[in-house]
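The structure under discussion appears below in the form of structure tokens.
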Amino acid sequence: MFINHELINSLLKEAKNATDKDIEKVLEKALNREQLDYKDIATLLEISDENQLSKLYEIAGKIKNEIYGNRIVVFAPLYVSNYCVNECEYCGYKRCNKFKRRKLTMDEIKEEVMILEKMGHKRLALEAGEDPVNCSIEYILDSIDAIYSTCSENSSIRRINVNIAATTVENYRKLKNKGIGTYILFQETYHQPTFTKVHGKCVKNNYDYHLTAFDRAMEAGVDDVGAGVLFGLADPKFEVLGLMMHNAHLEEKFGVGFHTISFPRLKKAEGMDLKDFPYLVDDGMFKKIVAITRLAVPFTGIIMSTRESETMRRELLKYGVSQVSAGSITGVGGYKEEQDGKEVDQFKLEDHRTPIEVLKSLIKDGYIPSYCTACYRMGRTGDRFMKLAKSGEIHNVCTPNALTTLMEFLLDYGDEELKLMGEEFIAKEIDKIENENTKNIVINNIASLKEGKRDLYL
Ligand code: SAM
């Protein structure tokens, strides 16, 4: 398989001898935007000196600004079913946990979507446990139809990313035909012995099948795939190199690697004790691996969920994060149940702010919260997206779209404070746009929004 355990172990071992000079050299290489190889990445993973860490964060921030600008994409997860045939040691939904399982009816999905739309969301990540009988692919396809067809007063969901268990080419083709955005699947761990250990006796416990899911998805025509590791299961340094090898494999075979990488850290869940996991990642290491990933794959989106605290998320935005969830609930039917005062999360969350609160904080920190979903609707997926990102052209499309969707949010969902600070912020951001044509497009779009038009994008 393409995750070469021996090579990773020997690179990590060798990197232990890296000198300050070796580290400086790699940082210099990253600063000059040269492609880092596995050895370079292993070397960076050894940084412990405070000055070098500051330099690493500074370079990660610089790369992020150059490529992504100050836009941050905002989304929310939607859990539709917690039926699960698996025995993942770390997960609250594992089969041996006895609680009343449920999957949402199409009407209940629409109800959840209406709540999410009222929160201003346009982009969802559909989540479900693995159960071919109780949560079949047909159920997922119907759920996608139900979500796309739900229209609240102002709007509808414009992009659905899907996070369901590894499946067949045929099923990926069905998802593709339904118009999904990114297909997301976390490898959980690239370390095969750990993968086997933490998944016990269950369907998911097939390392190779799980690892090759993106190959099948891409074969089926799904261009955008989103990877992730559940940090806390195995050595995080091993995982970073695993992610890089997986990405390189897809680049070689399909001409495009991961569209996004998510960074979930293990959290307390029902039926597991964090004490049983010897590789929990502390804050220092977590920041370091996010920043190193930014250097290693500058064009890949980095997603940070509400598993992390407000403080951690705000800090990581500086080092490379480009997408955040907001107002998330990780339980089936959770948005409605939260309104009724119940709590049903899959695992513990740290950031409980509403989208309005998240947006205020992003704007205060100088970021443009973006609800843009234009790329995939305009066919800018896979290598077409990457080409645009690599040429820098993306700024002329993404900034106007981000500002337009932010204004749409202000008009439809903003409270007085957000409207005031948002409008002032948008005006300043428009001033910064150098290209006159682009600037005029934004000004015209905003005027049209104020006249009642919606869903304007390039
Ligand atoms: N069932 C799908 C599968 O098999 O890939 C994925 C959906 S699951 C709802 C989404 C992700 O939540 C998992 O892939 C796992 O990485 C993460 N997760 C599970 N338990 C967790 C925990 N205790 N803390 C943090 N994240 C967890």
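When a ligand or atom number is given, it counts from 1 through the structure's own listing order. Numbers for residues simply follow the sequence, beginning at 1.
Residue contact check for ligand 1: Lys348 places no non-hydrogen atom closer than 4.0 Å to it. Contact between Tyr79 and ligand 1 is present, with at least one heavy atom of the residue lying under 4.0 Å from the ligand.
If you number the atoms of ligand 1 from 1 as listed, the ones under 4.0 Å from a heavy atom of Leu185 come out as 5 (O). Every atom of ligand 1 with a heavy atom of Glu127 under 4.0 Å away is listed here by number and element: 7 (C), 9 (C), 10 (C). Atoms of ligand 1 lying under 4.0 Å from any heavy atom of Ala269, numbered from 1 in the order shown and given with element: 23 (N). In the vicinity of Leu230, heavy-atom distances shorter than 4.0 Å reach the ligand 1 atoms 16 (O), 25 (C), 26 (N), 27 (C).
Screening Arg313, Arg353, Glu310 for a side-chain hydrogen bond (donor to acceptor under 3.5 Å, both in side chains) involving Ser361 leaves a single residue, Arg353. When Val281, Val229, Leu230 are each tested for a side chain to side chain contact (heavy atoms under 4.5 Å, CB included) with Arg265, only one passes: Val281.
The heavy atom nearest to atom 13 (C) of ligand 1, considering only Arg307, Glu89, Glu188, is found in Glu188. Distances from atom 2 (C) of ligand 1 to the heavy atoms of Ser262, Ala128, Gly92 put Ala128 nearest.
Nearest protein neighbour of atom 4 (O) of ligand 1, counting heavy atoms only, is Lys204 NZ, 3.5 Å. In this structure, the protein non-hydrogen atom closest to atom 10 (C) of ligand 1 is Asn163 ND2, 3.4 Å. Counting protein heavy atoms only, atom 21 (C) of ligand 1 is closest to Phe347 CD2, 3.6 Å.
Between Tyr90 and ligand 1, at least one N/O pair is under 3.5 Å apart. Taking distance alone, with nitrogen or oxygen atoms compared against 3.5 Å, Lys267 approaches ligand 1 more closely than that limit.
In this structure, Asp283 and Glu315 have side chains that are not in contact, with every pair of non-hydrogen atoms separated by 4.5 Å or more. Here the side chains of Ile41 and Leu295 are not in contact, with every heavy-atom distance at 4.5 Å or above.
Using cut-offs of 30° and 60° on the angle between ring planes, the pair His246 and Phe214 is parallel. Relative orientation of the Phe195 and His210 rings is tilted, given thresholds of 30° and 60° on the angle between their planes.
No hydrogens or angles considered: nothing links the side chains of Glu117 and Ser156 as a donor-acceptor pair under 3.5 Å.
Geometrically, Arg159 does not engage Tyr371 in a cation-pi contact, judged by NZ or CZ lying under 6.0 Å from the ring centre and within 45° of the ring axis.
Aromatic pair Phe277/Tyr90: centroids not less than 6.0 angstrom apart.
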